[in-house]
2 protein chains.
Amino acid sequence: MKPDKNLLSGSTTLLILSLLSGGDMYGYEMIAQLEARSDHTFTLREGTLYPILHGLENKKAVTSYEKESPSGRKRKYYHITRKGLRLLDEKKAEWQVFSEKVNAIVTGAAGAMA
Amino acid sequence: MKPDKNLLSGSTTLLILSLLSGGDMYGYEMIAQLEARSDHTFTLREGTLYPILHGLENKKAVTSYEKESPSGRKRKYYHITRKGLRLLDEKKAEWQVFSEKVNAIVTGAAGAMA
DNA sequence: AATTATACCTCGATTATCTAGGTATATTAT
DNA sequence: ATAATATACCTAGATAATCGAGGTATAATT
């Protein structure tokens with residue numbers, strides 16, 4: 001079992017929206033960006049990403065449009081909406097609280113006992 | 001959908017072993033401790049905890065023994081083994097790398113673009 | 001005496017991710 | 001030219017972690 005797989009669970013939406021907050025991006029690119037920016041710590045799979053993008057589009061957190069690459073290949077770009085930015089803020093806040101609490105328990109474990 | 005539920009996924013073992021590294025503890029107590037120490041951020045359910053404890057015992061990361069409470073109720077205490085401490089170190093390292101990379105992407109999203 | 005809290009447990013449902021397929025087009029290698 | 005690889009999208013079924021809801025048993029409270 002890859003250990004990261006489960007840690008990733010729950011933060012994928014946060015990561016995707018974070019990427020999109022920096023500019024429009026297409027799916028394949030997001031996978032490469034996450035891989036690169038995390039130094040290969042997480043590898044989001046296509047089977048995970050595309051359904052999530054469709055879900056985000058359904059709830060109007062992102063919109064999409066097609067654009068051809070210079071070489072002529074079709075790409076589907078995603079753009080974060082105002083609603084998506086609000087969602088991002090929520091996810092960010094959640095993540096910050098969560099990671100803070102985990103750190104508190106992990107680092108405080110030795111000193112918290114009598 | 002409770003948002004924490006999925007963030008929690010993957011860090012439960014880390015949290016449990018962290019608690020046990022501070023001293024022996026019984027299941028019901030762990031749930032209360034996690035709730036208290038995280039300021040109600042995560043609530044580990046019994047249906048989640050007990051199977052994990054049994055799994056950790058199977059892989060010799062913890063041992064268990066029964067002890068009666070002052071009032072006479074039976075409690076099953078868990079004790080972290082040397083192997084469990086090694087596992088804890090691994091999980092800690094994983095968590096640190098993971099949370100660091102998430103933070104990098106979340107906070108760097110705006111500035112990383114051209 | 002009945003209800004609530006403590007303390008353990010398990011099974012089936014839910015949900016997120018992955019694996020493994022599929023389609024189509026462009027690039028690179030032979 | 002042709003085959004193989006890389007890009008780019010997609011979905012369905014398998015896998016895995018958590019939860020919900022139940023169960024048992026005993027102590028404390030009402």
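Numbered from 1 within each chain, the chains take letters A, B, ... in sequence-line order. Just so we're clear, the structure is a prediction, and the values are computed from it rather than from any experiment. Atom set for the values below is all heavy atoms of this structure, side chains included, hydrogens, waters and symmetry mates excluded.
Rounded to the nearest 0.5 angstrom, B/I31 CD1 and B/Y26 OH are separated by 11.0 Å.
In terms of phosphate contacts, A/H54 brings no side-chain nitrogen or oxygen within less than 4.0 Å of OP1 or OP2 of D/dC9. Contact check, A/K76 against D/dC10: a side-chain N or O comes under 4.0 Å of OP1 or OP2. Between B/Y50 and C/dC9, a side-chain N or O to OP1/OP2 separation shorter than 4.0 Å is absent. Under 4.0 angstrom from either OP1 or OP2 of D/dT18 there lies no side-chain N or O belonging to B/R45. Taking side-chain N and O atoms only, B/S9 has no distance below 4.0 Å to OP1 or OP2 of C/dA16.
For B/R73 and C/dT6, a side-chain-to-base donor-acceptor distance below 3.5 Å is present, hydrogens and geometry of angles not being considered.
Residue B/E46 is in base contact, counting any heavy-atom pair closer than 4.0 Å across all strands shown. Using a 4.0 Å heavy-atom cutoff across all strands shown, A/S71 reaches sugar-phosphate atoms only and no base atom. If you check every strand for non-hydrogen atoms under 4.0 Å, A/G47 touches a base.
Taking for each of A/P51 and B/Y77 the nucleotide of DNA chain C with the nearest heavy atom, the 5'-most of the two is the partner of B/Y77.
Among the nucleotides C/dC18, C/dA7, D/dT7, the one closest to any side-chain atom of B/Y28 is C/dA7. Checking D/dC19, C/dA7, D/dC9 against every side-chain atom of A/Y26, the shortest atom distance belongs to D/dC9.
Under a hydrophobic-cluster definition in which Ile, Leu, Val, Met, Phe, Trp and Tyr are linked whenever side-chain heavy atoms come within less than 4.5 Å, directly or via other members, A/L34 and B/V97 are assigned to different clusters.
Across the protein-nucleic acid pair, B/R75 atom CZ and D/dA25 atom P stand 20 Å apart, rounded to whole Å. Residue A/E68 contributes atom CD, which lies 13 Å from atom C1' of C/dA24 at whole-angstrom precision. Rounded to a whole Å, the NZ atom of B/K74 is 16 Å from the P atom of D/dT24. Atom pair B/L53:CG and C/dA7:C1' shows a separation of 13 Å (rounding to whole Å applied).
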Q: For A/W95 and B/L7, run side chain to side chain contact (heavy atoms under 4.5 Å, CB included): C-alpha distance rounded to whole Å, both residues' side-chain angles, the deciding distance at 0.1 Å, then the answer.
A: CA-CA 8 Å; A/W95 163 256; B/L7 280 174; 4.0 Å; yes
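Between A/S64 and the choices A/H54, A/K76, A/E57, the side chain to side chain donor-acceptor pair (under 3.5 Å) rule is met once, by A/E57.
Each salt bridge (Lys or Arg N to Asp or Glu O under 4.0 Å) pair with one or both residues in residues 95-107 of chain B, not counting sequence neighbours, appears once here: A/D39-B/K101.
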